[in-house]
Amino acid sequence: MSEIRYVRGDATAPSVKGVKVIAHVCNDLGGWGKGFVLAVSRRWPEPEAAYRAWHRGRASNDFALGAVQFVRVEPYVWVANMIGQRGTRHGSEGAPVRYEAIGTALGRIAGKAAELDASVHMPRIGCGLAGGKWSRVEPLISDRLVRRGIPVTVYDHGDTA
């Protein structure tokens, strides 16, 4: 069985052949403007527009914790907007991250990646603004994606060349 591959670089620019799914965590409030989404928006306008429309129409669609929206941004690149964060602030329930929702969303990504014969690329999802712990997220990735034979690369962004 393969393992998660860790590299330093930009998760919005995977340098591998074939179909790629770029996965990231979004909140359940419709907010888009801090963290990794800024890198996504600098590269493609479609994921933000699709996420905002998905949130606006939430009364009649599947927008909820654990849901995933797949947005094709290039012929061989998809962005997966995962709802894995309740709100945006730390409060009485702790950090905004929702591990169960991330696990559910990763399972949905696994299905899509298998259908597309795609690799999955991501930052350390749920561990930035969402306040999660990588020690809790990494096993979800291993269980939902790697165990199913889906290649996963995790990107640590750095300012070093």
Side-chain angles (χ1 to χ4, degrees), residues 1-32 34-40 43 47 51 54-55 62-71 73 76-160:
M1 179 169 74
S2 63
E3 296 294 322
I4 298 170
R5 191 171 146 249
Y6 291 90
V7 300
R8 182 160 299 288
D10 181 356
T12 68
S15 60
V16 296
K17 300 256 186 251
V19 180
K20 297 164 273 297
V21 174
I22 298 169
H24 70 107
V25 168
C26 300
N27 64 64
D28 64 352
L29 295 179
W32 181 291
K34 289 184 178 176
F36 182 72
V37 297
L38 296 176
V40 171
R43 199 159 177 93
Y51 169 78
W54 188 29
H55 178 260
D62 67 344
F63 186 97
L65 286 169
V68 183
Q69 179 187 52
F70 295 95
V71 183
V73 293
Y76 298 100
V77 180
W78 295 74
V79 172
N81 293 332
M82 299 187 290
I83 310 300
Q85 179 180 329
R86 164 88 63 207
T88 59
R89 300 191 188 283
H90 288 60
S92 59
E93 293 182 42
V97 67
R98 292 296 177 262
Y99 298 109
E100 184 177 313
I102 290 173
T104 299
L106 288 170
R108 292 184 168 126
I109 289 171
K112 184 72 166 181
E115 172 192 318
L116 297 170
D117 193 25
S119 55
V120 176
H121 305 265
M122 64 184 74
R124 290 188 187 238
I125 58 170
C127 296
L129 296 171
K133 295 187 182 341
W134 188 245
S135 62
R136 300 235 357 232
V137 175
E138 186 183 45
L140 296 172
I141 295 166
S142 294
D143 183 57
R144 305 306 197 287
L145 296 166
V146 175
R147 194 168 53 88
R148 291 184 60 180
I150 294 162
V152 176
T153 303
V154 172
Y155 295 75
D156 287 310
H157 195 73
D159 296 329
T160 56

Requested in this report: Answer whether the closest heavy-atom distance between the side chains of Val16 and Thr153 falls below 4.5 Å.
Outcome: no
**Report entry** Sub-4.5 Å side-chain heavy-atom contact between Pro14 and Ile22
**Finding:** yes
Query raised in the report: With side chains defined as the heavy atoms from C-beta onward, is the minimum distance between Val137 and Tyr99 less than 4.5 Å?
Result: yes
Requested in this report: Not counting sequence neighbours, list each pair that qualifies as a ring pair (Phe, Tyr, Trp, His ring centres under 6.0 Å) and has a residue in residues 11-31.
Outcome: His24-Trp32, His24-Phe36
Query raised in the report: With respect to Leu145, which candidate in Leu140, Val21, Val120 satisfies the side-chain contact (heavy atoms from CB on, under 4.5 Å) definition?
Result: Val120
Query raised in the report: Within the side chain of Asn81, is there an N or O that forms a donor-acceptor pair under 3.5 Å with the backbone of Pro47?
Result: yes
Report task. Decide yes or no for Glu138 and Val154: does some side-chain heavy atom of the first lie under 4.5 Å from some side-chain heavy atom of the second? Result -> no
Report summary line: Rounding to 0.5 Å, atoms CD1 (Ile83) and CD1 (Ile102) come to a distance of 11.0 Å
Report summary line: Closest non-hydrogen contact found for Ala101 with Gly84 is CB-CA, 4.0 Å
Query raised in the report: Shortest non-hydrogen contact from Tyr51 to Asn27?
Result: OH-O, 2.7 Å
Query raised in the report: Do Leu106 and Met82 come close enough that some side-chain heavy atom pair is under 4.5 Å?
Result: yes
Requested in this report: Would you confirm whether Arg108, through its side chain, and Gly66, through its main-chain N or O, come within 3.5 Å as a donor-acceptor pair?
Outcome: yes
Query - Plane angle bin for Trp54 and Phe63 - parallel if under 30°, tilted between 30 and 60°, otherwise perpendicular - result: perpendicular
Query raised in the report: Looking at Ser142 and Ile4, what are the two nearest heavy atoms and their distance?
Result: OG-CD1, 3.8 Å
Query raised in the report: Of the non-hydrogen atoms in Ala67 and Ala105, which two are nearest, and what is the gap between them?
Result: O-CB, 4.3 Å
Query raised in the report: Looking at SG of Cys26 and CD of Gln69, how far apart are the two atoms once the value is rounded to the nearest 0.5 Å?
Result: 8.0 Å
Report summary line: d(Asp117 CG, Ile150 CD1) to nearest 0.5 Å is 9.5 Å
Query raised in the report: Testing Arg124, Gln85, Arg98 for side-chain contact (heavy atoms from CB on, under 4.5 Å) with Val25, which one passes?
Result: Gln85
Report summary line: Shortest non-hydrogen pair, Gly9 vs Tyr155, comes out as O-CB, 3.7 Å
**Report entry** Arg144 versus Gly103, closest heavy-atom pair with distance
**Finding:** NE-O, 3.4 Å
Query raised in the report: So, are Arg86 and Asp28 salt-bridged, with charged N and O less than 4.0 Å apart?
Result: yes
Query raised in the report: Does Tyr76 OH have over 12 foreign heavy atoms under 6.0 Å away?
Result: no
